[in-house]
Amino acid sequence: MDKKNENGEESVNKDGSICGYDSLHTILSANLKPHIYQEVSRLLHGLNCGKPLELVALSANGKALSFEHDFDLQGFCFRADKEFLREPRVVRVGLIQNSIVLPTTLHFLDQKKAIFQKLKLLIDAAGVSGVNILCLQEAWTMPFAFCTREKRWCEFAEPVDGESTQFLQELARKYNMVIISPILERDVNHGDTIWNTAIIIGNHGNIIGKHRKNHIPRVGDFNESTYYMEGNTGHPVFETAFGKIAVNICYGRHHPLNWLAFGLNGAEIVFNPSATVGELSEPMWPIEARNAAIANSYFVGSINRVGTEVFPNPFTSGDGKPQHKDFGHFYGSSHFSAPDGSCTPSLSRFRDGLLISDMDLNLCRQLKDKWGFRMTARYELYAEMLANYSKADYEPQVISDPLLHKKSP
Ligand SMILES: NC(=O)NCCC(=O)O
């Protein structure tokens with residue numbers, strides 16, 4: 001996506017940078033006077049316990065890996081108020097965003113191997129940084145080829161206990177880390193069916209469970225319904241050694257009731273591994289997850305892949321425009337949102353990255369007590385509304401102004 005500003009200069013460059021900058025945060029911090037930036041940042045990122053988010057002191061080994069392999073590494077800290085009867089419950093959480101490595105024209109085995117090699121480095125960086133829970137991006141083992149509608153990409157699908165899970169189980173054990181692995185799943189016990197699935201690997205390398213994507217997009221070039229159906233796993237929350245977590249996969253973030261259900265089941269952190277492009281969703285990206293974190297009193301970790309993936313054969317978007325071979329730019333910008341409305345700056349718009357955040361999970365209940373959203377919600381009213389709406393004879397509750405239909409004399 002090459003965009004020109006009113007002076008005819010490139011604003012979004014071919015590499016995915018914005019006027020040469022990594023992110024909105026870096027544009028603002030580089031161009032505003034410090035006291036103005038401080039105020040802008042307060043409005044943009046909010047305050048946590050009345051203060052701007054503090055930086056986490058990152059490990060020297062993690063920093064060395066990021067320097068050597070040129071990926072973005074940032075760390076922040078969400079605090080909670082001190083309580084008398086509960087100890088702080090601080091967990092260190094990581095998000096990884098990455099581009100694919102090899103051209104999509106090369107042998108599938110080589111493409112996959114190269115992604116595994118890259119991921120190993122990023123996961124090592126998380127491990128040596130003491131991350132407790134780590135989430136990877138949607139369909140991380142493959143190019144996001146669903147725009148093509150070609151069935152050969154189904155070859156990337158794997159059973160829940162397949163190669164990618166085994167690869168991550170070893171790293172989970174090594175680093176005592178819970179790892180969330182969103183992949184294209186093949187269910188061999190149910191007729192080789194395909195699903196978009198997140199597998200939860202426990203810190204002992206065990207498989208805790210899986211969640212299948214509930215909402216499948218039919219927008220732009222996101223032709224995912226050609227490959228898999230809506231998930232059948234409900235809204236599970238996984239109780240791990242480090243907290244209660246859930247996964248709302250990509251397009252599910254546009255559905256507030258999907259977020260709500262994970263909250264009702266007790267999630268403290270909900271991950272949103274995604275693959276989305278600038279032209280389609282960038283203005284919505286910083287809003288939806290943050291709103292979900294506020295409305296449901298939990299933390300949200302949002303991840304988007306990076307780069308432009310070019311496919312061998314051209315396809316059309318069904319909009320009368322010329323055929324093309326790519327989706328557009330996946331804009332990265334992974335970030336965390338907290339229940340108090342604060343959020344971290346985003347990772348780079350175009351580089352691989354690891355975002356780390358310490359979060360005191362006590363903040364979830366503190367925000368529930370403060371705002372009382374669970375107590376003021378009207379669940380019976382909504383249940384009745386939804387039950388009625390689901391009936392074939394439902395009629396919208398609209399009360400029209402009688403004068404609207406009165407003929408003027
Ligand atoms: N992967 C996926 O669900 N993408 C849909 C596009 C979006 O929701 O922004």
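Counting convention: from 1, in listed order, for ligands and their atoms alike.
The pair K321-E279 does not meet the salt-bridge criterion, since no charged nitrogen lies less than 4.0 angstrom from a carboxylate oxygen.
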Report each N/O pair between ligand 1 and the protein that falls under 3.5 Å, naming both atoms.
{"residue": "ligand 1", "atom": "1 (N)", "partner": "E138", "partner atom": "OE1", "Å": "2.9"}
{"residue": "ligand 1", "atom": "1 (N)", "partner": "K213", "partner atom": "NZ", "Å": "3.4"}
{"residue": "ligand 1", "atom": "1 (N)", "partner": "E224", "partner atom": "OE2", "Å": "2.9"}
{"residue": "ligand 1", "atom": "1 (N)", "partner": "A275", "partner atom": "O", "Å": "3.3"}
{"residue": "ligand 1", "atom": "3 (O)", "partner": "K213", "partner atom": "NZ", "Å": "2.7"}
{"residue": "ligand 1", "atom": "3 (O)", "partner": "E224", "partner atom": "OE2", "Å": "3.3"}
{"residue": "ligand 1", "atom": "3 (O)", "partner": "Y251", "partner atom": "N", "Å": "3.4"}
{"residue": "ligand 1", "atom": "4 (N)", "partner": "A275", "partner atom": "O", "Å": "3.2"}
{"residue": "ligand 1", "atom": "8 (O)", "partner": "R253", "partner atom": "NH1", "Å": "3.4"}
{"residue": "ligand 1", "atom": "8 (O)", "partner": "H254", "partner atom": "NE2", "Å": "2.6"}
{"residue": "ligand 1", "atom": "9 (O)", "partner": "R253", "partner atom": "NH2", "Å": "2.8"}
{"residue": "ligand 1", "atom": "9 (O)", "partner": "T276", "partner atom": "OG1", "Å": "2.6"}

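Remark: N313 engages E150 in a side-chain hydrogen bond (donor to acceptor under 3.5 Å, both in side chains) (not counting sequence neighbours).
F108 and F156 have tilted rings, their planes meeting at an angle from 30° to 60° on a 0 to 90° scale. Ring geometry for F144 against F327 counts as tilted: the plane angle lies between 30° and 60°, on a 0 to 90° scale. Ring pair W153/F311 is perpendicular by interplanar angle, where above 60° counts as perpendicular and below 30° as parallel.
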Evaluate ring pair (Phe, Tyr, Trp, His ring centres under 6.0 Å) for F167 paired with F116, printing each intermediate quantity in order.
CA-CA 8 Å; F167 164 73; F116 276 43; 4.7 Å; yes

